There are 4 protein chains.
Amino acid sequence: MPRPSNTAERRAQIIEGLLNVIAEGGYEGATIASIAKSAGLGSGLVHYHFANKQAILLALVERIVGLIEARYAHRLGAAGEDPSARLRAYIDAHLALGDDAEPRAVAAWVVVGAEALRQPEVGVVYRAAVARRVATVEALAGEILRARVGHGRGAKEAAAGIVAAIEGAYQLAAAAPDAMPRGRAARVVERMALGLLDGVAA
Amino acid sequence: MPRPSNTAERRAQIIEGLLNVIAEGGYEGATIASIAKSAGLGSGLVHYHFANKQAILLALVERIVGLIEARYAHRLGAAGEDPSARLRAYIDAHLALGDDAEPRAVAAWVVVGAEALRQPEVGVVYRAAVARRVATVEALAGEILRARVGHGRGAKEAAAGIVAAIEGAYQLAAAAPDAMPRGRAARVVERMALGLLDGVAA
Amino acid sequence: MPRPSNTAERRAQIIEGLLNVIAEGGYEGATIASIAKSAGLGSGLVHYHFANKQAILLALVERIVGLIEARYAHRLGAAGEDPSARLRAYIDAHLALGDDAEPRAVAAWVVVGAEALRQPEVGVVYRAAVARRVATVEALAGEILRARVGHGRGAKEAAAGIVAAIEGAYQLAAAAPDAMPRGRAARVVERMALGLLDGVAA
Amino acid sequence: MPRPSNTAERRAQIIEGLLNVIAEGGYEGATIASIAKSAGLGSGLVHYHFANKQAILLALVERIVGLIEARYAHRLGAAGEDPSARLRAYIDAHLALGDDAEPRAVAAWVVVGAEALRQPEVGVVYRAAVARRVATVEALAGEILRARVGHGRGAKEAAAGIVAAIEGAYQLAAAAPDAMPRGRAARVVERMALGLLDGVAA
DNA sequence: CATGAATGAGAATTCATTCAT
DNA sequence: CATGAATGAATTCTCATTCAT
């Protein structure tokens with residue numbers, strides 16, 4: 001009777017290790033040895049579970065995206081059917097502080113965004129993640145616009161703007177936390193989003 | 001009769017070299033050898049003019065900041081005294097395409113933002129640059145708000161939001177260019193900015 | 001089942017490699033590559049077992065000190081309780097030729113003495129080693145003096161003189177071997193030591 | 001009328017520069033740039049006056065040797081014809097503190113002794129200097145011994161011992177100054193020397 | 001004579017990846 | 001599955017020496 005595989009658990013540990021080290025040292029500081037150490041594993045084991053270092057980063061991207069989508073799903077329940085409330089929930093899921101806040105994930109995401117410039121495979125998953133975000137926001141924006149002016153024109157570029165504001169808020173939170181008054185990011189981005197839609201609708 | 005010093009020129013060449021390689025390969029990809037090659041210089045000379053690799057990056061930050069501030073100064077003339085026009089000019093200077101567009105600088109800036117997480121000295125100059133941007137925008141936002149509602153409350157956090165939107169637009173432009181319809185970023189951010197100020201003023 | 005650790009053995013090999021190359025080429029000539037080659041190892045492995053080159057040198061200092069102290073301990077048995085005999089045994093342990101002679105260690109020690117000027121950490125362990133030598137000789141000299149004149153005044157500076165003579169004999173042996181008739185160093189230093197104590201006692 | 005050559009002066013400046021930097025940083029720390037800076041000259045000029053770095057070191061050896069021989073010559077006058085007084089004057093010239101003390105030269109000499117192991121050409125001049133010292137002391141010791149026992153047997157090895165003690169005292173002064181009570185080195189070595197000759201004569 | 005820019009050959013160090021056990 | 005030793009290529013940085021002016 002072979003021992004039950006613990007691969008899934010080990011992979012999760014390793015991804016968590018990368019998240020931790022990337023949050024403080026960036027991707028350059030994330031050596032296999034430091035990841036392994038942070039995960040409490042031997043360094044050889046990392047390569048047993050992942051073909052190479054990049055593979056861990058790709059898994060981390062998935063992990064972060066999943067984390068945030070879960071937050072959104074969780075908030076959706078309280079938001080009800082109103083598209084504006086849903087858009088606020090969406091922004092909140094990305095930016096609000098709270099018990100489920102993940103400052104490490106924010107820093108890691110900023111790093112992922114920079115690595116996307118460098119590693120084509122990371123670029124692919126990063127762009128896919130961004131595209132999904134834009135699509136989600138576009139759907140919400142489209143609903144809001146159609147309710148107001150009967151058509152959804154401009155929803156796509158509004159969505160891009162809103163996602164940009166979210167990404168920029170991450171960037172500031174991670175690298176220049178003094179720039180944005182603490183805990184206000186979600187509110188400010190919500191106002192920008194709604195103000196933008198007002199402008200588009202006008 | 002010594003050879004006339006060309007230090008300033010060489011330093012500029014090297015900074016330009018870093019800008020070029022960073023724009024495609026990120027900071028990790030920017031090896032001294034690649035910088036030197038891109039600048040058409042020997043690798044030893046790079047260290048003759050800069051103490052280390054980080055010093056080049058710091059100089060690059062200055063360079064990029066100066067580039068954009070010059071664009072803003074240039075657009076200010078056409079904007080006249082109206083604060084809203086000036087805010088649009090500000091956003092335009094950062095995001096508009098045109099003859100003076102610098103896609104390489106955009107990518108490099110994103111990389112700088114990630115390196116700011118890793119290298120404390122880079123963090124310092126990055127935060128200083130962001131702080132200046134926020135202060136500039138805050139002044140404009142304050143003027144606009146005062147003209148409308150007689151006070152400037154909320155200008156600071158509005159400014160942070162606007163700067164975040166700009167930074168996020170850079171991020172998307174560099175790493176996920178398909179997300180934002182080409183050439184629309186300035187327009188979208190302007191609308192977000194003005195919509196945000198409407199909201200704050202309300 | 002992990003490979004059994006051979007760290008201690010590897011470290012010893014590397015220290016031995018440094019001893020070998022330092023004996024001929026000095027510390028400057030001792031490159032990591034040459035140390036690794038002399039030890040029959042890959043260069044990366046050297047840094048796997050030692051944080052940096054200096055750490056190997058510090059370990060080498062310990063190694064040499066231990067070597068000589070072991071020679072002294074070994075000779076102590078034959079010397080019996082007589083302090084003069086013990087002092088001779090001490091000098092012998094440092095300077096006598098014989099099966100346990102270590103010409104490489106002598107040359108390396110001279111190099112260590114010069115590196116002590118340059119690398120603060122090396123200076124620390126070098127001074128500690130010298131201080132222990134002086135203390136040991138001082139104890140012996142004190143016994144001899146007290147037996148003769150009832151007090152041990154002057155033992156400390158006599159000990160310093162004796163240690164200086166030993167260090168100088170190393171220096172000549174390593175760098176100007178023709179200056180001292182071969183195999184006579186121990187005898188000459190013993191005579192200097194005893195003559196010095198005669199003078200101090202007078 | 002060509003301008004008068006200042007080569008001799010420049011060479012002296014450069015040698016002085018090497019002496020200064022070697023006294024603090026050892027030979028490794030002595031870069032051409034640092035030597036030039038310490039001499040107040042441009043780095044290119046160093047190579048105009050010396051073929052290479054080693055040539056400066058060789059000149060420095062001469063310089064230090066000359067310095068000490070001058071001190072000896074100066075003290076010889078006061079010592080008169082008595083060989084014991086002359087031997088004391090010799091040791092004094094090498095080790096006594098005073099207005100003409102040269103702590104930098106002491107440190108530099110220790111470095112030279114270590115470089116002698118590494119650079120064959122340095123070894124040659126170092127050994128020549130040591131041989132001259134031994135020969136001088138041997139002559140004095142021979143005189144002393146002949147006056148006492150009618151022959152000079154053992155003078156050579158006694159001289160080597162005395163020179164060793166001097167070299168060792170340099171080593172301690174430079175690298176472990178706490179080992180020898182300050183200002184006592186000359187006295188201690190004189191006692192060792194005279195005690196040694198007593199022993200040889202016995 | 002003098003300057004300091006320029007070169008290029010190393011040197012130390014890092015680290016992903018492999019592999020013996 | 002697991003460990004951590006081992007490898008070797010890549011990278012930053014140093015520095016003697018050369019050379020244009």
Side-chain angles (χ1 to χ4, degrees), chain A residues 2-7 9-10 28-37 40-56, chain B residues 1-7 9-11 28-36 41-56, chain C residues 1-7 9-11 28-36 41-56, chain D residues 2-7 9-10 28-37 40-56:
Chain A
R3 81 181 105 170
S5 168
N6 55 2
T7 291
E9 185 188 348
R10 285 285 178 271
E28 277 184 69
T31 67
I32 295 289
S34 69
I35 296 167
K37 186 175 177 188
L41 303 173
S43 72
L45 196 54
V46 172
H47 273 95
Y48 180 82
H49 289 289
F50 288 92
N52 52 43
K53 197 178 154 186
Q54 189 185 68
I56 318 175
Chain B
M1 193 181 315
R3 175 190 306 193
S5 171
N6 53 1
T7 291
E9 185 187 345
R10 284 285 177 273
R11 285 179 60 98
E28 281 182 70
T31 68
I32 297 291
S34 69
I35 296 168
L41 304 172
S43 71
L45 194 55
V46 172
H47 276 102
Y48 180 80
H49 287 290
F50 288 92
N52 50 45
K53 198 177 150 185
Q54 188 186 72
I56 318 175
Chain C
M1 195 181 313
R3 179 190 303 191
S5 171
N6 53 1
T7 291
E9 186 187 346
R10 284 286 177 271
R11 284 178 62 98
E28 282 181 68
T31 67
I32 295 291
S34 69
I35 295 168
L41 303 173
S43 71
L45 193 54
V46 172
H47 276 101
Y48 180 79
H49 287 290
F50 288 94
N52 52 43
K53 199 176 150 185
Q54 188 186 70
I56 318 176
Chain D
R3 79 182 105 167
S5 167
N6 55 3
T7 290
E9 185 186 347
R10 285 285 178 271
E28 277 183 67
T31 68
I32 295 289
S34 69
I35 296 167
K37 187 175 178 188
L41 303 172
S43 71
L45 196 52
V46 172
H47 274 95
Y48 180 82
H49 288 290
F50 289 92
N52 52 42
K53 197 179 154 185
Q54 188 186 69
I56 319 175

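None of the values given here were measured: they were computed from a predicted structure. Labels below follow one simple rule: chain letters A, B, ... track the order of the sequence lines, proteins then strands, and each chain is numbered from 1.
Rounded to whole angstrom, the span from the CD atom of C/Glu28 across to the C1' atom of E/dA12 amounts to 14 Å. Atom CD1 in C/Ile35 sits roughly 18 Å away from atom P in E/dG10 (whole-Å rounding). One interatomic measurement links the two molecules: CD1 of D/Ile32 to P of E/dG8, which rounds to 20 Å at whole-angstrom precision.
Nearest-nucleotide positions on DNA chain E place D/Gly42 closer to the 5' end than the other of A/Gly29 and D/Gly42. Place D/Thr31 and B/Ala30 on DNA chain F by their nearest nucleotides, and B/Ala30 ends up nearer the 5' end.
Contact between A/Ala36 and A/Ser43 at its shortest, heavy atoms only, is CB-CA, 3.6 Å. B/Ala55 and B/Ala51 get closest at one heavy-atom pair: CB-N, 4.3 Å.
Applying the side-chain hydrogen bond (donor to acceptor under 3.5 Å, both in side chains) test to pairs two or more places apart or on separate chains, those with a residue in residues 28-37 of chain A are A/Thr31-A/Ser34.
Between A/Ile35 atom CD1 and A/Leu41 atom CG the span is 11.0 Å, to the nearest 0.5 Å.
Across all strands shown, D/Ser43 has heavy atoms under 4.0 Å from base atoms, whether or not it also approaches the sugar-phosphate. At the heavy-atom level, A/Ala36 lies nowhere under 4.0 Å from the strands shown.
When distances run from any side-chain atom of B/Asn6 to the nucleotides F/dT3, F/dA16, E/dA6, the shortest one goes to E/dA6.
Consecutive pairing runs in DNA chain F reach the stem threshold at E:2-21 with F:2-21, where a stem means at least three Watson-Crick or G-U wobble pairs with distances under 3.5 Å.
Applying the side-chain contact (heavy atoms from CB on, under 4.5 Å) criterion to C/His47, with sequence neighbours excluded, gives C/Ile32. Checked against side chain to side chain donor-acceptor pair (under 3.5 Å), B/Arg11 has no partners two or more places apart in sequence or in another chain. The side-chain contact (heavy atoms from CB on, under 4.5 Å) check on C/Tyr48 picks up C/Leu45, with sequence neighbours excluded.
DNA chain E lies under 4.0 Å from at least one heavy atom of each of the following residues of residues 44-56 of chain D: D/Gly44, D/Leu45, D/Tyr48, D/His49.
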